[in-house]
Number of protein chains: 2
Amino acid sequence: MIDNYLLEELAVFAKTRTLAQTAEQLNVTQPTVTRGMQKLEDDFGVRLFDRQPNRIKLTETGELAAAEATKLIKLNLEMIDRIKKFDYSQHSIRIGSMIPGPLILLNHLHSVLPDDIQVEKESLSGDKIEQQLMRNDYSLIFSNQEILTSEIESQYVGTENLQVNLDQFMFQANQSTVHFQELKNLSFIVLREIGSWRDIIQKEIPGAKFLYQEQRDAFADITKYSNFPYFTTNLSQYDTILLQRKSKNDDRVTVPIWDESAKMVIYVSYLTKQKQRLTPIMNLIRDSWPN
Amino acid sequence: MIDNYLLEELAVFAKTRTLAQTAEQLNVTQPTVTRGMQKLEDDFGVRLFDRQPNRIKLTETGELAAAEATKLIKLNLEMIDRIKKFDYSQHSIRIGSMIPGPLILLNHLHSVLPDDIQVEKESLSGDKIEQQLMRNDYSLIFSNQEILTSEIESQYVGTENLQVNLDQFMFQANQSTVHFQELKNLSFIVLREIGSWRDIIQKEIPGAKFLYQEQRDAFADITKYSNFPYFTTNLSQYDTILLQRKSKNDDRVTVPIWDESAKMVIYVSYLTKQKQRLTPIMNLIRDSWPN
DNA sequence: AACAATTACGGAATCCGTAAAAATT
DNA sequence: AATTTTTACGGATTCCGTAATTGTT
């Protein structure tokens with residue numbers, strides 16, 4: 001078997017093409033790399049380099065070896081990552097979500113959550129839920145997808161309903177519910193990270209304009225000093241930042257949106273192997289869900 | 001990155017389940033393995049073992065790490081093998097064949113073959129020609145298959161014709177040619193390693209019996225002291241062992257078999273990348289082919 | 001003159017084996 | 001009593017950096 005530090009030197013050399021730069025990139029001296037490549041040839045029992053007094057280059061075999069070495073190093077690092085993440089998943093629970101709603105609820109439940117498990121929350125993008133579970137990036141992922149594979153399953157946790165907050169003097173604000181159609185051609189302030197909701201509002205409201213805002217506090221400010229409508233959901237009642245804003249004078253009226261596409265069924269997905277350990281927290285969330 | 005010798009210790013421990021046996025299997029002492037596994041945990045930054053004063057076992061994370069380690073070691077060894085074989089294929093030519101005919105011709109050409117390339121000959125079984133070329137197990141493989149992939153191609157080299165050697169007093173021996181049908185219910189002596197020919201004679205000659213012989217010299221003896229018919233081909237004229245036998249009194253008559261299935265079209269397959277280097281020897285063989 | 005690779009030498013880090021200890025079966 | 005793991009200590013190997021050499025551009 002061949003030592004990894006030699007494979008790494010070879011892999012770097014294949015990029016830099018000189019021993020000096022290889023040494024620099026690895027924070028060692030040139031003689032170290034020289035000896036390393038000599039040892040590598042000795043270990044392989046094969047010529048890997050064409051040597052001239054002032055120049056060294058890979059043979060064809062050397063090129064192949066370098067390519068293989070690069071792969072092996074990558075695999076080694078990926079293995080370490082897999083193991084660390086698996087270990088982490090054994091005593092902690094990382095929770096991700098494709099939409100912000102469940103994370104708001106989790107923040108609200110923070111004090112009730114068990115102490116022995118550490119809960120982290122993060123917003124996900126892309127539809128790589130399966131991969132992220134399989135890689136132990138997360139133990140629980142909330143989304144509007146129900147997943148069932150040989151190693152993954154999902155549970156229903158609740159429904160999230162979109163609401164729009166309208167200035168009290170707008171005529172739509174006097175209704176008990178509203179349809180997307182009735183919001184057409186309006187301009188809205190929207191937080192950038194709202195996951196799957198973004199596609200929905202863009203698709204369903206004709207002629208609407210959206211002012212996307214990255215930062216949450218800036219978003220709060222803009223809503224305060226303007227009368228643009230903005231969106232919330234039935235989970236927003238647990239949003240502490242939003243509650244602080246509400247307490248100050250927000251003259252908007254919250255109106256539920258009645259369309260089917262404004263109702264999102266939320267599932268939580270997880271590795272079936274971990275079901276037992278995750279059941280309590282999933283039950284807690286489902287039980288705490290509004291309505 | 002994690003050193004391979006530690007991964008190997010872990011992989012072996014996962015099999016033996018005790019540090020003592022691990023040490024024995026690796027030809028080191030127990031303390032070495034103890035320290036190794038401690039260092040491994042330290043390098044990973046993760047608990048891999050449940051330890052009791054007299055007992056040590058893998059945690060779940062440890063089991064995963066051991067499985068991954070086993071894979072990585074295997075990949076490392078396979079890589080070394082690949083590189084050695086590739087290197088060998090750069091300055092030597094290994095030649096394999098699915099049928100013995102071309103190898104007989106090659107033996108005969110031995111003195112004419114270039115000296116700077118070393119030619120080895122071996123009989124192959126199975127239909128893994130592509131794999132064996134891709135792995136650089138062989139540079140040239142003779143068979144009755146024409147292969148064309150993105151990296152492999154084949155060339156026609158000649159046709160091998162089956163003949164049967166019959167006792168001169170048998171009525172079929174008086175014909176200039178013979179059909180498989182006319183050989184029905186006879187018993188033949190056959191060398192075990194005749195590759196694709198075996199299926200053909202078994203299929204085409206009704207009610208025939210075959211006395212298979214492993215060793216070539218024993219085969220020669222049996223033919224000498226019996227009058228069972230046996231098979232040759234148009235390439236057998238270059239078979240030195242067979243020629244020696246012929247010179248002594250073999251009263252058999254060689255009769256070509258006329259069926260289409262007794263004519264085998266022979267191709268040589270190789271990596272397209274190596275075409276240029278292999279062309280001379282392929283031309284030599286094709287030019288030396290009888291007829 | 002500047003640069004790249006190699007060699008020589010001494011030091012430092014790592015890895016290993018022996019011996020001994022601790023605890024279990 | 002025998003087995004298994006662990007610790008302590010000293011030695012040996014290996015690996016590295018500095019300095020100097022060779023040869024090229």
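What you see below is based on every heavy atom in this structure, not just the backbone, and it leaves out hydrogens, waters and symmetry mates. Order of the sequence lines sets the chain letters (A, B, ...), proteins ahead of strands, with each chain counted from 1.
Listed nucleotides: dC15(C), dA8(C), dT7(D). Nearest to the side chain of Pro31(B): dT7(D). When distances are taken from the side chain of Thr34(A) to each of dT7(D), dA5(C), dC15(D), the shortest belongs to dA5(C). The listed nucleotides are dC15(C), dT5(D), dC16(D); the one nearest the side chain of Thr32(A) is dC16(D). Comparing dG17(C), dT6(D), dC16(D) by their nearest atom to the side chain of Tyr5(A) picks out dC16(D).
Of the two residues contacting DNA chain D, namely Arg51(B) and Thr29(A), the nearest-nucleotide position lying further toward the 5' end is that of Arg51(B). Closest-nucleotide positions on DNA chain C for Asp3(B) and Gln30(A) were compared, and the one nearer the 5' end corresponds to Gln30(A).
Between the C1' atom of dT6(C) and the CD atom of Glu41(A) lies a distance of 13 Å, rounded to the nearest Å. One interatomic measurement links the two molecules: CG of Asn54(B) to P of dT7(D), which rounds to 14 Å at whole-angstrom precision. Between the NZ atom of Lys57(B) and the P atom of dT4(D) there is a distance of 17 Å, given to the nearest Å. Residue Leu40(B) contributes atom CG, which lies 16 Å from atom P of dT14(C) at whole-angstrom precision. If you measure from atom CG of Asn27(A) to atom C1' of dC16(D), you get 14 Å, rounded to the nearest angstrom. Atom-to-atom, CD of Gln52(B) to P of dT25(C) comes out at 8 Å; the value is rounded to the nearest Å. At whole-Å resolution of the value, CD1 in Ile56(A) and C1' in dT22(D) are 15 Å apart. Atom CZ of Arg55(A) and atom P of dT6(C) are 12 Å apart (whole Å).
Residue contacts shown for Gln38(A) are limited to sugar-phosphate atoms, with no base heavy atom under 4.0 Å away. Residue contacts for Val28(A): at a heavy-atom cut-off of 4.0 Å it reaches the sugar-phosphate backbone alone, with no base atom in range. When heavy atoms are screened at a 4.0 angstrom cut-off, Arg35(B) is found touching base atoms of the nucleic acid.
The main-chain N or O of Leu48(A) is never found under 3.5 Å from a side-chain atom of Thr61(A) such that the two would form a donor-acceptor pair.
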Let me check something: any side-chain donor-acceptor pairs from residues 8-15 of chain B under 3.5 Å, sequence neighbours excluded? List them with distances.
none

Report, one line per pair, each donor and acceptor closer than 3.5 Å where one atom sits in a side chain of residues 50-58 of chain A; sequence neighbours left out.
| unit_1 | atom_1 | unit_2 | atom_2 | d |
| --- | --- | --- | --- | --- |
| Asp50(A) | OD1 | Arg47(A) | NH2 | 2.3 |
| Arg51(A) | NH2 | Glu41(A) | OE1 | 2.3 |

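Annotation: side chain to side chain donor-acceptor pair (under 3.5 Å) contacts of Lys275(A) (sequence neighbours excluded): Glu153(A). When the side chain to side chain contact (heavy atoms under 4.5 Å, CB included) test is applied to Gln215(B), the partners found at least two apart in sequence or on another chain are Gln213(B), Asp217(B), Ala218(B).
Scanning residues 14-24 of chain A for heavy-atom distances under 4.0 Å to DNA chain C yields Thr18(A), Leu19(A), Ala20(A).
In this structure, CD in Gln274(A) is found 8.0 Å from CD1 in Ile93(A), a value given to the nearest 0.5 Å.
With no hydrogens or angles considered, a side-chain donor-acceptor pair links Thr22(A) and Thr16(A) at under 3.5 Å. Looking only at atom types and distance, the side chain of Glu146(B) has no donor-acceptor partner in the side chain of Tyr156(B) under 3.5 Å away.
Five base pairs at each end of the helix from dA1(C)-dT25(D) to dT25(C)-dA1(D) define two local axes, and these are offset by 20° (rounded to 10°).
With salt bridges taken as basic N to acidic carboxylate O contacts below 4.0 Å, one links Glu68(B) and Arg82(A).
Environment of CD in Gln90(B): crowded, with over 12 heavy atoms of neighbouring residues, nucleotides or ligands closer than 6.0 Å.
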